[in-house]
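These notes are about the structure you will find just below.
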There are 2 protein chains.
Amino acid sequence: MANQLCPLDQVFSALSDPTRRAIVMRLCAGEASVGELADPFDMALPSFMKHIHVLETSGLVQSEKSGRVRTCRLSPDALLGAEDWFQRQRAIWEARLDRFEAYVMKLKKEKERAAAKRPSRTTKKKGYE
Amino acid sequence: MANQLCPLDQVFSALSDPTRRAIVMRLCAGEASVGELADPFDMALPSFMKHIHVLETSGLVQSEKSGRVRTCRLSPDALLGAEDWFQRQRAIWEARLDRFEAYVMKLKKEKERAAAKRPSRTTKKKGYE
DNA sequence: ACTATAGTTAGCTTCATGGCTAACCAATTA
DNA sequence: TAATTGGTTAGCCATGAAGCTAACTATAGT
């Protein structure tokens, strides 16, 4: 229970389709009507509209109809939210790498100190630059 | 033809599932065995293994088996590639916003100059801070 | 050698996704 | 008012994704 409430599910799912990613990329450059958006694609309009709808329910795109033409624009919050997820993961990942590097440095230091004590033992194989 | 060659398809698709996102988050903190990864989830192992497999074919995760335990680790390139996509889109989006802002500023300037010529006309309703 | 552990393979169900056609509104334009 | 344009609704189909159980393999521990 309590599923599908996470917007990331829908955002990533929406972006997993190349057609929809192309639509988003197009909309980054500015708003457009459904017809303009659909034009480059060799696809029946109803199929294309499904993609638009997926993008709308994911929160990536908003649209409004005026007269008989529906204009779509990007709604950047969803995009930013997804980008943010990556940044958070990267932060965790990099923090871990830093700790690891610190650990390696500590080992290296210890080895050097040991080597200084009883000189000229296996101090070869530097590695790790 | 020539489809499914884009790694972004697979990466975003993989990340659209909360279970898989949780796995990735867990692996950001360090490598783990399949069993350790599966533990928090109330799911049959074969189902869970499918998720692992999806993550591997997407390039987000690598694993190797030693003895009877398979150890999984993050392979960050795929993650970075996806993050990069967002950054590129945001760059486009922001460039457009800048242009728009410049345009608005230009309009404002022109209006001010016009107002300076024939003073005290409708110079109210500033808006846009 | 036996048992338990850690994954794996095979095969099944159910439901979502992505595509289509055909028919249908509702604004414009002629 | 008639025809065109732009989008929408309804319904169909094929494929793939996500879950399960049951049975199996191979290593590690006793």
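Quick note on labels: first sequence line is chain A, next is B, and so on, each numbered from 1. Below, all heavy atoms of this structure are taken into account, side chains as well, without hydrogens, waters or symmetry copies. This one's a predicted model, so the numbers in the text were calculated from it and none came from an experiment.
Atom pair A/Arg68:CZ and D/dG6:P shows a separation of 6 Å (rounding to whole Å applied). The distance between atom CZ of B/Arg70 and atom C1' of C/dA6, rounded to the nearest whole Å, is 11 Å. For the pair A/Ile52 CD1 and C/dG19 C1', the computed distance is 16 Å after rounding to whole Å. Rounded to whole Å, atom C1' of C/dG18 lies 14 Å from atom CG of A/Asp42. To the nearest angstrom, P of D/dA17 lies 12 Å from NE2 of B/His51. Atom pair B/Met43:CE and C/dG7:P shows a separation of 16 Å (rounding to whole Å applied). Following rounding to the nearest Å, B/Lys50 (NZ) and D/dG16 (P) show an atom-to-atom distance of 13 Å. One atom, CD of A/Glu36, and another, P of D/dG7, lie 8 Å apart when rounded to the nearest Å.
Applying the 4.0 Å criterion to OP1 and OP2 of C/dC20, one finds that A/Ser47 has a side-chain N or O inside that range.
For the pair A/Gly35 and B/Ala44, nearest-nucleotide mapping onto DNA chain D gives the more 5' position to A/Gly35. Two residues, A/Val34 and B/Ser13, neighbour DNA chain D, and the one matched to the more 5' nucleotide by heavy-atom proximity is A/Val34. Each of A/Arg20 and A/Gly67 was assigned the nucleotide of DNA chain C with the nearest heavy atom; the assignment lying further toward the 5' end belongs to A/Arg20.
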Item to complete: Would you check, one step at a time, whether the test salt bridge (charged side-chain N to carboxylate O under 4.0 Å, His left out) holds for A/Arg90 with B/Glu83?
Response: CA-CA 9 Å; A/Arg90 189 158 48 82; B/Glu83 187 182 0; 2.7 Å; yes
Practice prompt. Evaluate the criterion salt bridge (charged side-chain N to carboxylate O under 4.0 Å, His left out) for residue pair A/Arg88 and A/Asp84; output intermediate values, then yes/no.
Written response: CA-CA 6 Å; A/Arg88 284 200 309 275; A/Asp84 193 50; 2.6 Å; yes
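No donor-acceptor distance shorter than 3.5 angstrom exists from the side chain of A/Arg73 to the backbone of A/Glu64, with no hydrogens or angles considered. Side chain of A/Gln89 to main chain of A/Phe86: no donor-acceptor pair is present (N/O by atom type, distance under 3.5 Å, no hydrogens or angles).
Within 4.0 Å of B/Ser33, counting heavy atoms only, lie sugar-phosphate atoms of the nucleic acid but no base atom.
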